[in-house]
Structure formats: C-alpha cells, structure tokens
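Numbered from 1 within each chain, the chains take letters A, B, ... in sequence-line order.
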Amino acid sequence: MPEVQELVKSLADKYGRKRENLLHILQGVVEQERYLSDVALTEVARELDMSAAQVYGTATFYTFLDTEPRGKYVVRICRTITCDMKGKNQIIQALEDSLKIKLGETTQNKKFTLLETNCMGWCHQGPAMLINDQAYTNLTVDKAIEIITDYVKNK
Amino acid sequence: MTYKKLKRIDLIFHEDCECHKVLEKTFSKSNDEIINDLLESGLKGRGGAGFPTGLKWKFTAEQPSDERFVICNADEGEPGTFKDREILFKVPDKVFSGMAVCAKVIGAKKGYIYLRGEYRFLLPELRKALDKFHNDIKDLIDFEILIQMGSGAYICGEESALFESMEGKRGEPRNKPPYPTVAGFRNKPTVINNVETLVYAFMICMHGPMKFKELGTSDSRGSKVFSVSGDTPIPGIYELELGMALDQFVEEFGDGDTKAVQVGGAAGFCVPRKKLKETIIGFEGVPTGGSMKVFNSSRSMYNVLHNYLEFFEEESCGQCTPCRVGCQQLIKGIEAVKKGEKKAVYLEQLLKLSETMKLASKCGLGQSVANSFSSIVGNFREEMIY
Ligand SMILES: Cc1cc2nc3c(=O)[nH]c(=O)nc-3n(C[C@H](O)[C@H](O)[C@H](O)COP(=O)(O)O)c2cc1C
Ligand code: SF4
Ligand code: FES
C-alpha cells in the first residue's frame with residue numbers, strides 16, 4: 001500500500017522523526033485512515049527507527065488509536081452514568097437496527113463502525129455521541145436515526 | 001464550620017477582559033509580586049488535588065534549569081465534568097493569558113495545552129484564537145503555546161501520565177517524587193495547571209487578590225465552575241462561591257426528589273440525602289473538580305457504582321496490580337453479592353480491598369476508587385444486596 005507509506009512519510013516530514021512525535025504521527029494516520037493497519041504501524045516504526053513492538057505498544061494504549069479496521073465514520077456512544085440514565089441503551093438499539101450491525105462491528109461497505117466510549121464531556125446534554133470528531137447531544141431515538149440517515153444518504 | 005450561602009458568581013465567563021492591557025499591567029510587576037498576589041488570594045488548583053497555585057509556580061521558578069514549561073491540562077476526563085470545554089470555547093484568551101503570566105514568572109518560552117481527543121472539534125477555533133493571541137503578545141513576551149491532542153485515555157489527565165503521553169509514550173503514571181515542579185515534561189521543571197486554575201490566576205492579576213479572597217472560606221477561597229448533571233431540571237455550567245452546604249446546592253439544582261449527589265465524579269464521593277446539610281463543598285469538606293451529579297429516588301445506586309467500576313476498570317493503565325486486579329475484583333464482588341452468590345458480609349471484604357487499593361496503588365486513579373466505593377456501599381448497603 002504505497003498510499004500509507006506516503007502518508008506516514010509526509011507526517012514524519014511534518015512533525016519530525018523523534019519519539020516525541022510518535023503520537024502526532026499515529027493521530028495523523030488515524031485521521032486519514034480511521035485506524036492503524038499493520039502496514040501503517042510498521043511503516044511508522046521504520047520512519048522513526050523504532051521497533052514495531054514499541055509503536056504497537058504505544059498505539060494500543062490509546063482508545064482512539066484503533067488497530068482494528070474501522071469504517072469511514074466511527075460512531076461512539078457514551079456509556080457513562082449520566083448518558084446511561086438518560087437512555088443511551090435505546091439510542092444504541094436504534095443505531096444497531098438502523099445500520100444493521102452490533103456494537104463493535106463495522107458495516108459491510110466499511111462506512112460505519114459502532115462503538116461505546118466513556119464520558120465525553122456532554123453529560124448535561126446526554127445521551128451524547130461522537131461521529132468522528134463531531135459531537136451530537138440531547139439525542140432521542142428519532143434524532144439519532146435522523147442523524148445517521150443523513151450520513152448514510154449524504155456523506 | 002462556616003457555611004456560605006449559595007451564590008452565583010460571574011468572573012470566569014464575564015466578557016470584560018482586555019487581556020492585552022491586563023498582561024501589560026501584570027508584566028510591569030516583579031515575579032515576586034505576582035507570586036505574592038497568588039499566595040495572598042488563596043487560589044488552589046481546580047483540577048482535583050487542590051495544591052496552592054502560587055506555591056507551584058514559586059517552586060518551579062526556583063528550580064535551577066536551562067528550560068521550564070507551562071502546561072494547561074485540558075484532558076477533562078472525569079465523568080460529569082465538562083466545564084473546561086466551555087471555558088476553552090468561550091474565553092480561550094483568558095486561558096492563554098494565564099499561561100503567559102505563568103511563563104513570565106517561571107521563565108518558560110513554550111507552553112502546551114493538552115486537549116482531550118474528544119474535544120478535537122474545538123481545534124480550528126482554538127488555533128485561530130491562538131494565532132491572534134501570539135500576534136498580540138509579541139511585544140510583551142517571547143512565548144509560544146502549542147496544542148497537543150490526547151487520544152482517548154482518562155489516565156492521561158494525571159500529570160505524570162500526561163508528560164509521558166506528550167513524550168510520545170504510553171500514558172503510564174510515573175513514580176513521585178520527583179514532582180513536576182522539579183522534573184515534569186522532558187524531565188524539566190514544569191507547571192501543570194487545570195484550565196480553570198489558569199483563568200483564575202489571570203483573574204487575580206486583573207482584579208487583585210482581594211476580590212477573589214473575599215469569596216469562599218478560609219480553606220476554600222474564591223469561586224469555582226461546577227458541571228451539574230443528572231436528575232436536575234437545570235443541568236449546565238455554573239460558577240458558584242465555594243463553601244456552600246450541599247443541601248443548598250440541592251435546593252437550587254435538585255428535582256425535589258434528590259436521593260444522593262455524587263460530588264467529584266467517579267473518583268469523588270457519594271453524599272446521601274441525610275448528610276446533605278452537614279456536607280460542605282470545598283477543601284475542608286468534600287472537594288470537587290467540578291463534577292456534581294444529582295440522583296433521584298428512581299435511580300439504583302448499585303447501577304451507579306457498577307457503572308463507575310466499569311469505568312475505572314477500563315481506564316486503569318494496568319501498570320500496578322492493586323488497581324488493575326482490584327478494579328476487576330470489585331466488579332465481580334458486587335455482582336456476586338447482588339446475585340446472592342456471596343453473603344452480604346462479603347461487602348466488608350470488598351471495602352477492605354478498596355482500602356488496600358488506596359494505600360498500595362501507584363497513582364490517584366487506583367487510590368480514589370475507594371472514595372465512591374465506600375461512600376456508595378456505606379450509604380446504600382441494602383441496594384447492593386437486594
Ligand atoms: C486519574 C487522574 C485523572 C486526572 N485528570 C485530570 C484532568 O482531566 N484535568 C485536570 O486538570 N487534572 C486532572 N488530574 C489532576 C492532575 O494530575 C493535576 O493534579 C492537575 O492538573 C493540577 O492542576 P491544578 O493544580 O491546577 O489543579 C487527574 C488526576 C488523576 C489521578
Ligand atoms: S493506580 Fe491504576 S492507573 Fe494508576 S498507575 Fe496503577 S494501574 Fe495505572
Ligand atoms: S456521561 Fe455521557 S457525556 Fe458524560
């Protein structure tokens with residue numbers, strides 16, 4: 001995959017090739033690719049002259065640095081107590097039905113991945129979810145379906 | 001104890017601030033004068049631990065080194081806390097200005113904002129505000145602020161884990177001492193402050209220490225930004241004077257059926273209705289980084305505790321055994337009691353385990369699990385069993 005190689009190289013050129021720049025580079029790859037493939041991880045290790053194990057060990061520490069294939073849009077629903085109290089389970093159910101996948105899975109067309117996440121700082125407007133970087137709050141079942149349908153149709 | 005009446009304050013978000021002018025005025029003072037103002041104000045850190053901010057700056061400034069750093073902790077991961085996002089969104093200049101004053105006092109040329117990954121959407125606006133700020137302060141100080149993103153790890157809010165993360169490593173807390181004032185980011189003397197702390201430091205430069213000091217109590221000076229959520233008709237962000245009794249808080253924010261308030265998030269304490277009156281919000285009573293979660297009588301406190309324990313189990317960095325295994329065992333334990341597989345007295349053993357975690361864990365995460373565990377199990381024992 002020469003594309004990933006080029007991406008890693010350009011990120012290393014931009015941020016530098018020191019250990020301190022590792023997270024920037026991994027974050028940059030995830031921003032483009034939504035996850036860190038084995039190829040990407042080895043490529044980062046090569047560019048930064050580190051062992052692949054070190055790169056992998058660092059990446060797996062961080063929830064947002066996924067090492068499993070993810071869809072173009074990663075949907076993360078908050079599971080922490082306030083969102084739980086406000087009905088996050090119904091939201092998850094609605095999204096599972098609408099995307100026809102379970103939590104943790106990715107749609108066949110690789111467009112959506114459905115995940116849970118811990119408190120993301122919108123507890124006063126729960127239930128809340130992130131789609132990539134965008135936060136959606138005060139969710140109801142209808143609203144969640146409306147949002148996801150819009151992504152399905154228009155993005 | 002002295003109790004304060006609940007009082008709304010308008011310092012942090014007040015839009016009266018000509019940051020450049022205030023910085024100019026502040027920079028005409030000596031570093032000692034600025035530190036003395038901070039000490040005089042009584043400002044303590046708003047990120048949880050409550051260390052006097054003036055002392056932190058003073059120790060860092062006094063540490064011999066060729067380089068020092070100031071870091072703004074915007075990792076805001078404590079469940080129920082969302083005020084730092086609002087501060088960065090609404091008054092970013094005040095945060096930058098607080099960092100600039102700190103930079104002058106400690107002699108830092110570089111500052112960093114460590115922003116949690118969940119707040120990435122703030123980046124474009126923050127960058128814009130930062131460009132303008134850098135341009136505005138060119139004539140005053142040689143100081144640059146960079147933004148570093150987190151990637152979804154609560155533990156990276158712990159200061160030494162945050163440094164590790166900034167150095168491109170796994171966010172595993174370090175042994176202490178040495179403290180950040182001696183060896184922080186890149187092992188250089190570092191001031192790390194919460195977003196809100198930096199703004200208050202700047203407000204103290206703007207208004208003088210008295211305006212801050214006359215608020216609050218002798219142990220908890222000033223005001224604080226609270227994040228209110230749960231069973232309340234008016235969830236949101238409120239700046240309140242410190243030192244009020246919790247029953248006043250509930251009168252204002254409760255829904256008339258309040259059963260308990262979780263003060264300080266998952267790492268904090270659960271206060272039941274019968275103890276609201278005697279509980280003071282502040283460092284002399286129950287401290288909080290701002291998280292206030294209200295539960296009414298329809299809520300199962302077993303579910304609340306279970307949810308917190310799952311949170312800790314997942315966010316534990318796994319570096320030390322008491323925390324890694326302890327969190328798992330506490331979950332298994334309360335599940336077993338609930339299902340009747342273990343007798344109710346087993347709860348005593350679990351309480352002991354949480355006490356051991358408090359003593360033997362390496363960092364604040366493992367050490368604070370006992371706070372919510374013992375306060376929920378202690379006050380709602382029946383709910384754990386039936
Ligand atoms: C597990 C854990 C998570 C923490 N998360 C944060 C955080 O998100 N934001 C924060 O300001 N402080 C957090 N802290 C406290 C910091 O370690 C540190 O004490 C604080 O940033 C110091 O700033 P202050 O003196 O202004 O309060 C956390 C501590 C622990 C143990
Ligand atoms: S107490 Fe928990 S989070 Fe802290 S160092 Fe130990 S395992 Fe990691
Ligand atoms: S509990 Fe869901 S955003 Fe905080």
Side-chain angles (χ1 to χ4, degrees), chain A residues 15-31 36 44 48 50 54-66 74 76 78-86 88-89 115-126 128-138, chain B residues 76-86 116-123 148-156 164-172 186 227-232 234-237 262 265-266 291 293-296 298-299 303-308 310-311 314-315 317-318:
Chain A
Y15 293 113
R17 287 175 166 74
K18 287 193 289 210
R19 173 76 200 241
E20 224 179 80
N21 312 116
L22 176 61
L23 281 188
H24 294 122
I25 295 170
L26 295 178
Q27 287 168 346
V29 175
V30 170
E31 205 177 322
L36 298 159
V44 172
L48 270 64
M50 289 168 62
Q54 260 180 325
V55 175
Y56 184 77
T58 308
T60 50
F61 186 85
Y62 296 92
T63 317
F64 285 10
L65 299 180
D66 286 307
V74 181
R76 295 174 205 268
C78 173
R79 71 168 141 228
T80 307
I81 190 69
T82 323
C83 290
D84 185 70
M85 282 159 51
K86 306 283 169 186
K88 62 101 179 160
N89 283 335
L115 300 171
E116 276 189 314
T117 193
N118 286 330
C119 178
M120 45 194 239
W122 293 97
C123 331
H124 58 324
Q125 293 174 18
M129 68 177 176
L130 284 174
I131 300 183
N132 293 348
D133 297 341
Q134 182 72 41
Y136 296 90
T137 60
N138 286 318
Chain B
E76 187 160 70
E78 190 59 54
T81 317
F82 38 86
K83 44 107 189 161
D84 291 339
R85 171 176 48 70
E86 187 92 343
R116 70 181 306 204
E118 289 83 345
Y119 292 171
R120 185 180 275 275
F121 68 92
L122 287 174
L123 265 185
Q148 166 112 20
M149 293 307 300
S151 266
Y154 166 66
I155 191 59
C156 288
E164 290 289 302
S165 177
M166 285 191 43
E167 292 170 13
K169 297 181 255 177
R170 292 166 67 89
E172 290 173 346
R186 294 181 187 152
S227 311
V228 184
S229 67
D231 294 312
T232 164
I234 44 169
I237 292 151
Q262 179 79 16
S291 172
K293 281 188 275 184
V294 190
F295 300 115
N296 71 18
S298 74
R299 305 297 170 188
N303 286 351
V304 172
L305 180 59
H306 196 271
N307 191 282
Y308 287 161
E310 280 183 327
F311 173 81
E314 206 187 82
E315 298 292 348
C317 82

### Query
Does a sphere of radius 6.0 Å around CZ in B:Phe121 hold more than 12 heavy atoms from other residues, nucleotides or ligands, not counting ones at 6.0 Å or beyond?
yes

### Task
Look only at the side chain of B:Lys169 and the backbone of A:Glu20, and say whether a donor-acceptor pair between them is shorter than 3.5 Å.
no

### Query
When rounded to the nearest 0.5 angstrom, what is the spacing between CD in B:Glu314 and OG1 in A:Thr117?
7.5 Å

### Task
Side-chain contact test, heavy atoms from C-beta onward, threshold under 4.5 Å: evaluate it for B:Ser165 versus A:Tyr62 and give yes or no.
yes

### Message
Under a 4.5 Å cutoff for heavy-atom pairs, which residue among A:Asn118, A:Asn132, A:Leu65, A:Leu130 has the most contacts with chain B?
### Response
A:Asn118

### Query
When rounded to the nearest 0.5 angstrom, what is the spacing between CG in A:Asp133 and OH in B:Tyr119?
14.0 Å

### Task
Below 4.5 Å from any heavy atom of chain A, which atoms of B:Ile155 appear? Answer side chain, backbone, both or neither.
side chain

### chain B contact via A:Glu116 - side chain, backbone, both or neither, heavy atoms under 4.5 Å
neither

### Query
Taking B:Arg120, B:Arg85, B:Gln262 one by one, which has the highest count of heavy-atom pairs under 4.5 Å against chain A?
B:Arg85

### Task
To the nearest 0.5 Å, tell me how far A:Lys86 NZ sits from B:Asp231 CG.
5.0 Å

### Task
Taking all heavy atoms of A:Cys119 and all of B:Pro79, pick out the closest pair and write down the distance.
SG-CA, 3.6 Å

### Task
Look at the side chain of A:Gln27 and the backbone N and O of B:Met149, then say whether any donor-acceptor pair between them is shorter than 3.5 Å.
yes

### Task
Please look at A:Lys18 and chain B and tell me whether the side chain, the backbone, both or neither of the residue comes under 4.5 angstrom of a heavy atom of that chain.
neither

## Note on the structure
Max heavy-atom pairs within cutoff under 4.5 Å with chain A, candidates B:Gly168, B:Gly152, B:Ser151, B:Gly230, goes to B:Ser151

### Task
Pick one of side chain, backbone, both or neither for B:Val304, based on which atoms fall under 4.5 Å of a heavy atom in chain A.
both

### Message
Regarding A:Arg79 and B:Glu310, does a basic nitrogen lie under 4.0 Å from an acidic carboxylate oxygen?
### Response
no

#### Entry: Point-to-point distance, once rounded to the nearest 0.5 Å, from CE of B:Met166 to NE2 of A:His24
8.0 Å

### Task
Would you indicate whether the side-chain heavy atoms of B:Arg170 and A:Thr60 approach each other to under 4.5 Å?
yes

### Query
In Å, rounded to the nearest 0.5 Å, how long is the span from OG1 of A:Thr82 to CZ of B:Phe295?
6.5 Å

### Message
Checking the side chain of B:Asn307 only, and the main-chain atoms of A:Ile81 only, is there a donor and an acceptor separated by less than 3.5 Å?
### Response
yes

#### Entry: Contacting moiety of A:Asp84, where chain B heavy atoms sit under 4.5 Å
side chain

### From A:Leu23 atom CG to B:Gln148 atom CD, the distance as rounded to the nearest 0.5 Å
6.5 Å

### Query
So which of B:Gly171, B:Ala153, B:Ala266, B:Ser291 has the biggest tally of heavy-atom pairs under 4.5 Å with chain A?
B:Gly171

### Task
Indicate yes or no: at least one non-hydrogen side-chain atom of A:Phe61 is less than 4.5 angstrom from one of B:Cys317.
yes

### Message
Out of B:Pro235, B:Gly265, B:Ser298, B:Ser227, return the one with the most heavy atom pairs under 4.5 angstrom to chain A.
### Response
B:Pro235

